[in-house]
A.B. asks: 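Sharing a structure here in structure tokens format.
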Number of protein chains: 4
Amino acid sequence: MAVTGPGGTPARERVHRAAVRLFATKGFHGTGIRDLAKAANLSSASLYHYMPTKERLLADIMRSSLQSLLDAALAELDGLDDPVERLDRLVVLHVTRHAREPMRTRVVDNEVDALTPASRRDVVGIRDAYEKLWSDALDDGLRSGVFTTTRPATTRLALLDMCNGVARWFSPGGELGRNDLAEHYADLARRLVGAPPRPPR
Amino acid sequence: MAVTGPGGTPARERVHRAAVRLFATKGFHGTGIRDLAKAANLSSASLYHYMPTKERLLADIMRSSLQSLLDAALAELDGLDDPVERLDRLVVLHVTRHAREPMRTRVVDNEVDALTPASRRDVVGIRDAYEKLWSDALDDGLRSGVFTTTRPATTRLALLDMCNGVARWFSPGGELGRNDLAEHYADLARRLVGAPPRPPR
Amino acid sequence: MAVTGPGGTPARERVHRAAVRLFATKGFHGTGIRDLAKAANLSSASLYHYMPTKERLLADIMRSSLQSLLDAALAELDGLDDPVERLDRLVVLHVTRHAREPMRTRVVDNEVDALTPASRRDVVGIRDAYEKLWSDALDDGLRSGVFTTTRPATTRLALLDMCNGVARWFSPGGELGRNDLAEHYADLARRLVGAPPRPPR
Amino acid sequence: MAVTGPGGTPARERVHRAAVRLFATKGFHGTGIRDLAKAANLSSASLYHYMPTKERLLADIMRSSLQSLLDAALAELDGLDDPVERLDRLVVLHVTRHAREPMRTRVVDNEVDALTPASRRDVVGIRDAYEKLWSDALDDGLRSGVFTTTRPATTRLALLDMCNGVARWFSPGGELGRNDLAEHYADLARRLVGAPPRPPR
DNA sequence: TATGAATGAGGGTTCATTCAT
DNA sequence: TATGAATGAACCCTCATTCAT
């Protein structure tokens, strides 16, 4: 039996949605518990039926966001060997997600410092596992000679920063669709690592 | 006769330094006026001799940071026509600055939303003027055929996001020096826009 | 089911009572939010369940006080034509109220300048409506010749000032009761406007 | 050698003037030391060359105001016996002063509660001496039968309240001059105490 | 489930005052 | 005489959180 509060949507979901939106636009510290309550159509006391703490709510959002991204990436890469294809897939997945959920992603990217040390360890752990997929693809490509760069570590960072940027400016209603955007970024990524361009469709 | 408070440094400077550091690491909303005071070796009341308001302090930091970057860029580009050289110079300047003052830059990049509408207008105005230098260089290069990309607007954003990222992870004491870093980014930037690689030294 | 806090009285009422007492004796600006809290047996944070703002609390007190006085006056005068009787009734009502609630009245009389422009407009509006009842009675009496004075406007002010004064010195426990006081003031008022003395009882 | 600060007027006087104006319009507690400084064209630190304390400044203003009123009243009444004439003179003096210096008078009337107990004793002492002149005149008149009232104490209060009111609404530029006003109040006062009207001029 | 009431701690800011210059 | 710098205490108000109902 689904329990839906006065907003028509299950309350827990409403709280998370509201939190994502507010944390993304005003920052964790800039968002008050009352803002959250109002946005979720709940009293601030009721909020605590759906979250243990404001900080834990943030941690949950970040953790689930990153975990889902990691899971998707693992599924995407499953069985693939070719570094170029792995890079392509990682970029397309990453950019697609960032374009589909820019708010959620902005929270993940900007609010790590607001976490408790314990939560922070968890979150950074997942993030590291995710970024290792990128490092591995890059390293393999460099070893096989299909990628070229004089500074692999720095190049990897540049590549990720470039892809992360999407969440900061992409607006879903714009002229450029998510898929076209992702394709374009795959092209850019190949350029960055010195891989041959993707064949035209 | 320089007036220096209990910290050995002129107080106004100490306040600004402390603010940059704290705003960068804990965020504007995460930084209390008492944190600021302690970091500047001042009472919280004394803080108000050196700033009208916490928000105006932030605005001043962002404004002066951006203005100085814009001024330096204008000086750097003065008299230059070649789009490739202009891009090189912009990237080197940008990355050097971001690596020299990562804190200050992080504040500029992350705390725009904490500004008053009025301050925000000012700050965004300067930032737009600065980014126009990049757009112009890119457009000129595309027109002359020395750059190639199917989506100029998106490519410009990707390029800037990549360069901005430096401020988020660069630590001055690391193995890679500021100048080498900047050179490497100039290489990456050329790749991104499809320009010929820079000749080896 | 009445909800009563640690003071035995409904909290909202306790807050208003305390505010009236403190604003009357120490002035609005001389009363701190902590004074108010202590007097209402509440923490200063809890205060804000019962008032939006210290200033709005003041405005509410003044508004309701004046409105209730105006309503009572309108009821009192309903159907009356004779200016002398109207003046008698106004004086008796006014003085009785001022003697019954000298604190509340002192706030109304002394703290208008502490109001926000918006609140001030409201409050002064009600006060003007109330004073118009006095003006009308005076004017009617002058027109009919039952009152005589060379300077009606000034006389009206003198009359009101005289009656307002009660709130500043009347203490409920004194030898003179509220009703006797009011009767005496009705006599004085008649003298002031040159009306015949009231018949002895 | 007169010492005049940057305002062209002796500084001490400027401070007092400013204090009178501000205390009258915003109240003692509503007036900050910085308001005072700005109004006196001085820094807030410099203020303390001309006053020991904000409270003592208030006390000085009130004391000198009342003392000067008392002195003038004593001079005015010197050698007079007739209660009616004494009352006339007191009213005219009182009203004239209140109309000439409404600000100063408002401070005296409204800010007694802001005084230190010690200052308060001083001030109230002078005020009591002054009011005794009124009581004496009234009592003498009642004894001699030229005044009639059933409640002398209350009537005296009503009389004083009426006269004090002038300071609250009189504005020097109005249609009614100070002297005419004072004459009118003398008429009203006679009415109040049941004395025969003053002969027409 | 849902919320009004309640609060200690802290938010940013201003207070009246002192003091070295 | 005049003032910038400095501050502890207090300003009004909001914070995240708890709890009885």
A.B. asks: If you look only at pairs with a residue in residues 34-64 of chain C, which of them pass as a ring-ring contact (aromatic ring centres under 6.0 Å, His included), with sequence neighbours excluded?
C.D. replies: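 Of all non-adjacent pairs touching residues 34-64 of chain C, none passes ring-ring contact (aromatic ring centres under 6.0 Å, His included).
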
A.B. asks: Enumerate the residue pairs fulfilling ring-ring contact (aromatic ring centres under 6.0 Å, His included) with a member in residues 17-37 of chain C, sequence neighbours excluded, ordered by first and then second residue.
C.D. replies: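 Found C/Phe23-C/Phe28.
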
A.B. asks: What residue pairs, at least two apart or across chains, pass salt bridge (charged side-chain N to carboxylate O under 4.0 Å, His left out) with a residue in residues 105-117 of chain A?
C.D. replies: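 For residues 105-117 of chain A, and leaving out neighbouring residues, the salt bridge (charged side-chain N to carboxylate O under 4.0 Å, His left out) pairs sorted by first residue read A/Asp113-A/Arg120.
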
A.B. asks: Would you please name every residue forming a side-chain hydrogen bond (donor to acceptor under 3.5 Å, both in side chains) with B/Thr25, sequence neighbours left out?
C.D. replies: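 Here no residue qualifies.
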
A.B. asks: With pairs defined as Watson-Crick or G-U wobble and both distances under 3.5 angstrom, please note down DNA chain F as a dot-bracket string, | for pairing with another strand.
C.D. replies: .||||||||||||||||||||

A.B. asks: List in chain and number order the residues that pass side-chain hydrogen bond (donor to acceptor under 3.5 Å, both in side chains) with A/Arg17, two or more places apart in sequence or in another chain; answer none if no residue qualifies.
C.D. replies: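 side-chain hydrogen bond (donor to acceptor under 3.5 Å, both in side chains) list for A/Arg17, sorted by chain: A/Glu13.
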
A.B. asks: Quick one: side-chain hydrogen bond (donor to acceptor under 3.5 Å, both in side chains) partners of B/Lys38, sequence neighbours excluded?
C.D. replies: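 side-chain hydrogen bond (donor to acceptor under 3.5 Å, both in side chains) list for B/Lys38, sorted by chain: empty.
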
A.B. asks: Strictly below 4.0 Å, heavy-atom distances to any atom of DNA chain F: list the hits from residues 50-57 of chain C, or just say none.
C.D. replies: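 Result for residues 50-57 of chain C: C/Thr53, C/Lys54, sorted by number.
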
A.B. asks: May I ask you to verify if any side-chain N or O of B/Ser46 is less than 4.0 angstrom from the OP1 or OP2 atom of F/dA5?
C.D. replies: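 B/Ser46 to F/dA5 OP1/OP2: no side-chain N or O under 4.0 Å.
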
A.B. asks: Can you list every pair that meets salt bridge (charged side-chain N to carboxylate O under 4.0 Å, His left out) and has a residue in residues 46-60 of chain C, with sequence neighbours left out?
C.D. replies: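 Salt bridge (charged side-chain N to carboxylate O under 4.0 Å, His left out) check on residues 46-60 of chain C returns C/Asp60-C/Arg63.
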
A.B. asks: Which residues satisfy the side-chain hydrogen bond (donor to acceptor under 3.5 Å, both in side chains) test with B/Ser46, sequence neighbours excluded?
C.D. replies: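 Per chain and number, B/Ser46 pairs via side-chain hydrogen bond (donor to acceptor under 3.5 Å, both in side chains) with B/Ser43.
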
A.B. asks: Using heavy atoms to find the nearest nucleotide of DNA chain F for B/Ser43 and C/Ala45 separately, return the residue whose nucleotide is more 5′.
C.D. replies: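 Residue closer to the 5' terminus by nearest nucleotide: B/Ser43.
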
A.B. asks: Identify, residue by residue, the members of residues 28-37 of chain D with a heavy atom below 4.0 Å from DNA chain F, and return them in order of residue number, or none.
C.D. replies: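 DNA chain F contact set from residues 28-37 of chain D: none.
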
A.B. asks: For B/Asp128, give me all partners under side-chain contact (heavy atoms from CB on, under 4.5 Å), at least two apart in sequence or on another chain.
C.D. replies: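 Result, side-chain contact (heavy atoms from CB on, under 4.5 Å) vs B/Asp128: B/Val124.
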
